[in-house]
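Residue numbers begin at 1 in each chain, while the letters A, B, ... track the order of the sequences.
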2 protein chains.
Amino acid sequence: MTTSDPAAPRRTLLLSGEASAAAGAGTPAFSPLYQQIKSLLLQSLQRGEWKPGDAIPSEQELAARFKVSQGTVRKAIDELAADNLLVRRQGKGTFVATHAERHVQYRFLRLHPDHGDRQAEGPATRTVLACRRSRASAEVAAALQLRAGDAVVQISRVLSLGGAPTILEDLWLPGTPFKGLTLETLTAWAGPMYALFESQFGVRMVRAEERIKAVAASDIAAQRLQVPPGTPLLSVERLAFTYNDAPMELRRGLYRTDRHHYRNELG
Amino acid sequence: MTTSDPAAPRRTLLLSGEASAAAGAGTPAFSPLYQQIKSLLLQSLQRGEWKPGDAIPSEQELAARFKVSQGTVRKAIDELAADNLLVRRQGKGTFVATHAERHVQYRFLRLHPDHGDRQAEGPATRTVLACRRSRASAEVAAALQLRAGDAVVQISRVLSLGGAPTILEDLWLPGTPFKGLTLETLTAWAGPMYALFESQFGVRMVRAEERIKAVAASDIAAQRLQVPPGTPLLSVERLAFTYNDAPMELRRGLYRTDRHHYRNELG
DNA sequence: CAGTGGTCTAGACCACTGG
DNA sequence: CAGTGGTCTAGACCACTGC
């Protein structure tokens, strides 16, 4: 293993610590250098070494730190940027992505006005109906990978778009990372909720899965959304994840679609 | 500007033909080499130089053809592969993506069974209710970038999943590219519809946009989907595009969501 | 075995940002 | 101006496929 001659092209892999071991059968568990760099960067993001909005070290510096060429670091960063975890800005540096940026707000909200764009519609109005600590039901616990009865924070709110109440949603958050989240915190906060989670609790939502169904409005939902009971609504169930694919939020939304639609791009 | 010495790094751009001109104000309309290569490859795909499923020339060969380094060709291909237009297969070559491949079938269908996966559910059953040539309404014409009254092909069909009729959809296709598409063609075809479009009409669907709403089942829809009238259904309106972002299909679907859900990933 | 895509390097130069 | 990311090159070697 002693690659002592200075000029030889280095093929030694990093493998810092555990990794590969205990793969059961004969799989060598090999991965290219840039993937290993990507993992290391991911770990730094995960443990909060660089906060959302911060610049990470330059490619040159990272290359020196990891003892690889700039191109290899570059490829690792390329993938993280493609996953929306990092944002490159030519001439300035590479930054940790954040939900707090202007112009990229509501990145996870796919509801759009039928006519015109979101700009024309004006800003959303948020009304928090409730925010209380409770115990996870079996269903919520399963989704958030908790045990039934564990502490959770439950939030209920209405979003109004273009002046009409349009989204009614319930959120469940794991109690431990969100200790101290109260109704006051929420109502005082002006920006997107995920930006609040970043700045106050150090939890950054990275990706999410949504399951959509069509349902009839219950009496209570109908009242809160100001539509007749039985009106067809989109039921949008979202599970949002932080860095290491750990689920951190379960959200159940009911969307009015009389003046809006859920937009999706298929690649 | 005459970089005539043979060892000098070549900076001459290709700019084969028109491009940049007439940009109005002072925009130089400059683009990196690999983007130009990407455009050239895109044009070859567009004009059918390589058919879906075919291998394109090797990176080395393309590099020689375009007089650039392999790395530059590589970056162009990387982007086309990321857009699902090409598929790389190590040791074999790079292939034009197709909707006919096993294991990637129904790439654009986001409806999944609530329990289990698509495999467990078994194959979908298709019933074509109608296939006729007609004239484009103003609405259809606008979507497909035709003139109202232009010839279109209209198809109506039901898909059954897990034994139950689940999707009722109407399709509109521009008449000219789909000349000769009949009910017999459709019923005789065993595979995915987009694979038929590729092999019989040379039209490959590359991407699509969907707009989703919740609606109540009309009497006729209810009957065809075997649900009570008024049942909430997903209304999925899809506009599908070929290579140069030309719209080639308008599709209006009604999805039952009693045993299925529309699944979406948010990045 | 030859041919393909995949990884990695080292170095050059360009384009953009800010002081 | 120095520092950042962005492009491009040339060449080496690896990993996989199929004959």
Q.
With a 6.0 Å cut-off on the ring centroids, do B:Tyr262 and B:His112 count as close?
A.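 Ring-ring flag for B:Tyr262/B:His112: false, centres at least 6.0 Å apart.
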
Q. Below 6.0 angstrom between ring centroids: does that apply to B:Tyr106 and B:His99?
A.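 Centroid separation for B:Tyr106 and B:His99: 6.0 Å or greater.
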
Q. Excluding sequence neighbours, so at least two apart, what forms side chain to side chain contact (heavy atoms under 4.5 Å, CB included) with B:Ala246?
A.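 Testing B:Ala246 for side chain to side chain contact (heavy atoms under 4.5 Å, CB included), a comparison that skips the adjacent residues, returns B:Thr242, B:Asn244.
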
Q: Using side chain to side chain contact (heavy atoms under 4.5 Å, CB included) as the criterion, list what pairs up with B:Ser69, not counting sequence neighbours.
A: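 Testing B:Ser69 for side chain to side chain contact (heavy atoms under 4.5 Å, CB included), a comparison that skips the adjacent residues, returns B:Thr72.
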
Nearest-Å distance for atom pair [atom1]/[atom2], residues [X] and [N]:
{"X": "A:Gln60", "N": "C:dA12", "atom1": "CD", "atom2": "C1'", "answer": "12 Å"}
{"X": "B:Gln36", "N": "D:dC8", "atom1": "CD", "atom2": "C1'", "answer": "13 Å"}
{"X": "A:Lys38", "N": "C:dC8", "atom1": "NZ", "atom2": "P", "answer": "13 Å"}
{"X": "A:Leu33", "N": "D:dA15", "atom1": "CG", "atom2": "C1'", "answer": "15 Å"}
{"X": "B:Glu59", "N": "D:dC8", "atom1": "CD", "atom2": "C1'", "answer": "15 Å"}
{"X": "B:Lys67", "N": "D:dC8", "atom1": "NZ", "atom2": "C1'", "answer": "17 Å"}
{"X": "B:Gln35", "N": "C:dA15", "atom1": "CD", "atom2": "P", "answer": "15 Å"}
{"X": "A:Gln70", "N": "D:dT4", "atom1": "CD", "atom2": "C1'", "answer": "9 Å"}

Q: Please identify each residue that fulfils side-chain hydrogen bond (donor to acceptor under 3.5 Å, both in side chains) with B:Ser39, with sequence neighbours left out.
A: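 For B:Ser39, no residue satisfies side-chain hydrogen bond (donor to acceptor under 3.5 Å, both in side chains) once neighbours in sequence are set aside.
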
Tell me which donor-acceptor pairs under 3.5 Å the side chains of residues 79-95 of chain B have, and how far apart each pair is, sequence neighbours excluded?
{"residue": "B:Glu79", "atom": "OE1", "partner": "B:Lys38", "partner atom": "NZ", "Å": "2.9"}
{"residue": "B:Asn84", "atom": "ND2", "partner": "A:Gly267", "partner atom": "O", "Å": "2.8"}
{"residue": "B:Arg88", "atom": "NH1", "partner": "B:Asp78", "partner atom": "OD1", "Å": "2.4"}
{"residue": "B:Arg88", "atom": "NH2", "partner": "B:Glu59", "partner atom": "OE2", "Å": "2.1"}

Q: Look at the side chain of A:Val68 and decide which nucleotide, out of C:dT9, D:dT9, D:dT7, has an atom nearest to it.
A: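 So the nucleotide nearest the side chain must be C:dT9.
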
Q: Side chain of A:Pro32 only, please: which of C:dC8, C:dG6, D:dC8 is the nearest?
A: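 Per side-chain heavy atoms of A:Pro32, the pick is C:dC8.
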
Q. Dot-bracket, DNA chain D: Watson-Crick or G-U, under 3.5 angstrom, [ ] crossing, | other strand?
A. ||||||||||||||||||.

Q.
Can you list, in residue-number order, the parts of residues 72-94 of chain A that come under 4.0 Å of DNA chain C, counting heavy atoms only?
A.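 Within residues 72-94 of chain A, the residues near DNA chain C are A:Thr72, A:Lys75, A:Gln90, A:Gly91, A:Lys92.
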
Q. Salt bridge (charged side-chain N to carboxylate O under 4.0 Å, His left out) with A:Arg110: which residues, sequence neighbours excluded?
A.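 In terms of salt bridge (charged side-chain N to carboxylate O under 4.0 Å, His left out), with neighbours along the sequence ignored, A:Arg110 is linked to no residue.
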
Q | Residues forming a salt bridge (charged side-chain N to carboxylate O under 4.0 Å, His left out) with B:Asp114, sequence neighbours excluded | A |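 A:Lys213.
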
(Q) Any side-chain N or O of A:Ser69 below 4.0 angstrom from OP1/OP2 of C:dA10? (A)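 Answer is no, no contact under 4.0 Å.
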
Q: Scan residues 116-125 of chain A for pairs that pass salt bridge (charged side-chain N to carboxylate O under 4.0 Å, His left out), counting only residues two or more places apart or in two chains.
A: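 As it turns out, there is no salt bridge (charged side-chain N to carboxylate O under 4.0 Å, His left out) pair with a partner in residues 116-125 of chain A once direct neighbours are skipped.
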
